[in-house]
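Structure, as structure tokens:
Below, chain A is the first sequence line, B the second, and so on; all start at residue 1.
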Protein chains: 2
Amino acid sequence: MSTRVTTLKELAASLDLSITTVSRALAGHEQIALKTRERVAQAARQAGYVPNTAARTLVSGRSGFVGLVLPVRGPNLVDSFLGEFVTGLGEGLVSHGADLILATAALGHSELSVLRHVVESGRADGVVVTRIAEVDERLAYLRERGFPFVAHGRLLDGDFAYNWLDTDGAHAFGEAFDMLYDLGHRHFGLVTISEPMTFRHLRQDGLAAAIGRRGDPSVRLDVATAPRFDRGARIQAINRMLQGPERPTAIIALFDELALTVMEEAARAGLSVPRDLSVIGFDNVVASAYAPPGLTTFDASIRQCAREIADMLLTVIAERPAAPLTRLIRPTLVSRASHGPAPQTRS
Amino acid sequence: MSTRVTTLKELAASLDLSITTVSRALAGHEQIALKTRERVAQAARQAGYVPNTAARTLVSGRSGFVGLVLPVRGPNLVDSFLGEFVTGLGEGLVSHGADLILATAALGHSELSVLRHVVESGRADGVVVTRIAEVDERLAYLRERGFPFVAHGRLLDGDFAYNWLDTDGAHAFGEAFDMLYDLGHRHFGLVTISEPMTFRHLRQDGLAAAIGRRGDPSVRLDVATAPRFDRGARIQAINRMLQGPERPTAIIALFDELALTVMEEAARAGLSVPRDLSVIGFDNVVASAYAPPGLTTFDASIRQCAREIADMLLTVIAERPAAPLTRLIRPTLVSRASHGPAPQTRS
DNA sequence: GAGAAAATTGCAAACGTTTTAAATCGCCTT
DNA sequence: AAGGCGATTTAAAACGTTTGCAATTTTCTC
């Protein structure tokens, strides 16, 4: 029990070679005789030698880890986003032999302080930052430090001088509007959150731009806003929208969870989706396929994005490119049964 | 840009103290004069000093990390299990200042080899193992090495001499059977998977035991089996069960995903749930609340379990208790609308 | 076969921290 | 003023690797 770990020194002794030679042989250095390299590799394999990460990190300055600070999350809410994202990152990293560090922010500590710890303790060679806020201190910090990172999401101010990958929510929301407009809808509802996340603005702006492009003054847009994690307030806001004297015939939700709540409340109010009301979401959460009658939404393939983010980050770490790496992914429409032509009765 | 990291040496120099003193002062050693300790703490805070993890790990032998090797997963399948589990682990670890390492097995490599790497490279002080197989080489390896770990799940052979936390699936399945029996059901269906995971056996055994306890020879149990990730085969097996001349009036699925498929196929076959068919799942996946008419299932509160696993593991690492830590969690019934009295027509 | 060049190997320092054992300091006792 | 004692600080080794430079061995050239 508790067999000790093989060390380079032991391996060297057993081969009657110096530590230096064994180290270089395992690293595949050309300057070591091929025969020696093979002999060493053989012995290492047989002894089950695994280099000590700490020692290697200490001297080389590279840890082989990529960090992800878990965003602070609501108490009840389990979002599938995280699971998919982490899986994708793992898949992207593994091919390059890198591993993932997940750091969680304790209740008292800010996400920034955790990030600083991860960066400055040398645990990670680079980090991934998700859910960009309008004023994001994490990005400011990382940029100032010149530490390798890739952001999932963009800032608003057009200052894109950093590595990011984002989902083109603006385009998707424009597409959603166009589709609904062509189905005869003129009175729209937008269900959104009050938190200052940039993706909210980008999507809303995409919607506004699409409305503008039509130049149709009869188009009307109501907006319902509630805090991200306050389910009660969310339901209230949605009901205000649904129960007003003139309710929208089509509701676009910032993301699926909101859309699902809209459909629940619509059902409770005796409205039939999509006959009385069209609903469109964003994310293609698993539940959206099951919630009747099937939510029409956009698939951003989070897993695939995360995979690509991992690739980008590893490139940044290895090559430190001068120009930032950026990538805008266009989500695809998943057309289910929650949208249809505008009801005829009122127009 | 790219400010260098503060090191202990620099800090010591700026304070005109030795490295030793500063190190001890920061560690709060009593033998260092209180005044000095305060002075050092102040300077460290101001300089934003963060100790280098690699160096600390190298000398102390403790990395402050807990490892989780991601189980190899199906290609399309995104299970919410992972997301919840990881979140729970993170929550449990953070209060003790530990972080999580996620290692992914590359396509060619076995999960065991990744585990070995994590363990022997000294990256982690302990690991969590999930989804125990009937013959689990990971457990064998960890036990032989005497490396700290906690398993989520049990082996079958009654050899429980290791640290584990498990969900009492046997009890839940017994409860499900009793409830259905009392509702008049006599013909049961079990939808399960063909992979040799221990949780499958435990749940099935729980069901069998409950059937035995009734001692009612009129009870009948059909079984449909398909590989975990083969959706086509799963649907076929389910349909064979539903379309036979005598179909069960109540189906218990090994977990929610299977139950959801059962409900889909039942709907496709024109069966009404729960009027014609009762369905019960296990896991309380998010989608189970949305799939009409709402799936009755068991909630194992994975997040909470993971949290507790984290606590257990940290105890094991710190105290190396002689007797294994074990914990059996009883899942709670989430009663929705997918079960009801047995149909009268045929009895 | 001497000398040089090329190929191969090894010594020792370095990475930043913790820790053992020893040194220094201040102050009191006699 | 020497000795002693407790309080405080420090020097140096250690953890397991990588790497610049030097040392050694082999091979080649004439």
Side-chain angles (χ1 to χ4, degrees), chain A residues 3-41 43-44 47-65 97 117-125, chain B residues 3-41 43-44 47-65 97 117-125:
Chain A
T3 333
R4 269 213 36 263
V5 170
T6 316
T7 140
L8 207 49
K9 183 153 49 166
E10 290 169 13
L11 198 58
S14 83
L15 283 161
D16 204 27
L17 285 171
S18 73
I19 296 180
T20 310
T21 305
V22 176
S23 171
R24 289 206 172 107
L26 289 173
H29 272 240
E30 290 289 337
Q31 64 184 293
I32 303 294
L34 183 60
K35 216 164 97 183
T36 314
R37 270 183 282 170
E38 283 167 349
R39 198 160 64 97
V40 171
Y49 170 72
V50 177
N52 179 294
T53 306
R56 174 176 277 183
T57 301
L58 188 56
V59 59
S60 74
R62 285 279 169 86
S63 69
F65 280 121
H117 241 82
V118 170
V119 167
E120 291 173 31
S121 66
R123 286 156 143 79
D125 303 333
Chain B
T3 332
R4 269 211 40 261
V5 170
T6 315
T7 138
L8 208 48
K9 181 151 55 163
E10 290 170 11
L11 199 56
S14 82
L15 284 163
D16 206 25
L17 284 172
S18 74
I19 295 180
T20 310
T21 307
V22 177
S23 171
R24 288 212 171 101
L26 289 175
H29 272 242
E30 290 289 336
Q31 65 183 294
I32 301 294
L34 182 61
K35 217 164 95 181
T36 314
R37 270 184 280 165
E38 283 168 350
R39 200 160 63 96
V40 170
Y49 170 73
V50 177
N52 179 295
T53 306
R56 174 175 280 184
T57 301
L58 188 55
V59 61
S60 73
R62 284 279 169 87
S63 70
F65 281 119
H117 241 82
V118 170
V119 168
E120 291 174 31
S121 66
R123 287 156 142 79
D125 302 332

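Among the heavy atoms of the strands lying under 4.0 Å from B:Leu17 are primed sugar atoms or P, OP1, OP2 only; no base atom is included. No contact: A:Ser60 has no heavy atom under 4.0 Å from any strand.
Put simply, A:Thr21 has a side-chain N or O that comes within less than 4.0 Å of OP1 or OP2 on C:dG10. At C:dT9, one or more side-chain N or O atoms of A:Thr36 fall inside 4.0 Å of OP1 or OP2 (strictly under the cut-off). OP1 and OP2 of D:dT18 both lie 4.0 Å or more from every side-chain N or O belonging to A:Thr20. A close approach under 4.0 Å does occur between a side-chain nitrogen or oxygen of A:Ser23 and OP1 or OP2 of D:dT18. Within the structure, a side-chain polar atom (N or O) of B:Tyr49 is placed less than 4.0 Å from OP1 or OP2 of C:dT17.
The side-chain hydrogen bond (donor to acceptor under 3.5 Å, both in side chains) test with B:Ser63 is passed by exactly one of B:Asp125, B:Thr57, B:Thr53: B:Asp125. For the side chain to side chain contact (heavy atoms under 4.5 Å, CB included) with B:Val22, the qualifying choice from B:Ile19, B:Leu26, B:Thr20 is B:Leu26, the only one to do so.
Under 3.5 Å, the side chain of B:Thr57 and the base of C:dT17 form no donor-acceptor pair of N or O atoms. For A:Arg24 and D:dG20, a side-chain-to-base donor-acceptor distance below 3.5 Å is present, hydrogens and geometry of angles not being considered. With hydrogens and angles ignored, no donor-acceptor pair closer than 3.5 Å exists between the side chain of B:Ser18 and the base of D:dA11.
Heavy-atom distances to DNA chain C give each of A:Ala33 and A:Val59 a nearest nucleotide, and the one nearer the 5′ end belongs to A:Ala33.
No hydrogens or angles considered: nothing links the side chains of A:Arg62 and A:Ser60 as a donor-acceptor pair under 3.5 Å.
With D:dT9, D:dT17, C:dT17 as the choices, the nucleotide that has an atom nearest any side-chain atom of B:Gln31 turns out to be D:dT9.
A:Ala54 approaches B:Leu58 most closely through the heavy-atom pair CB-N, 3.8 Å.
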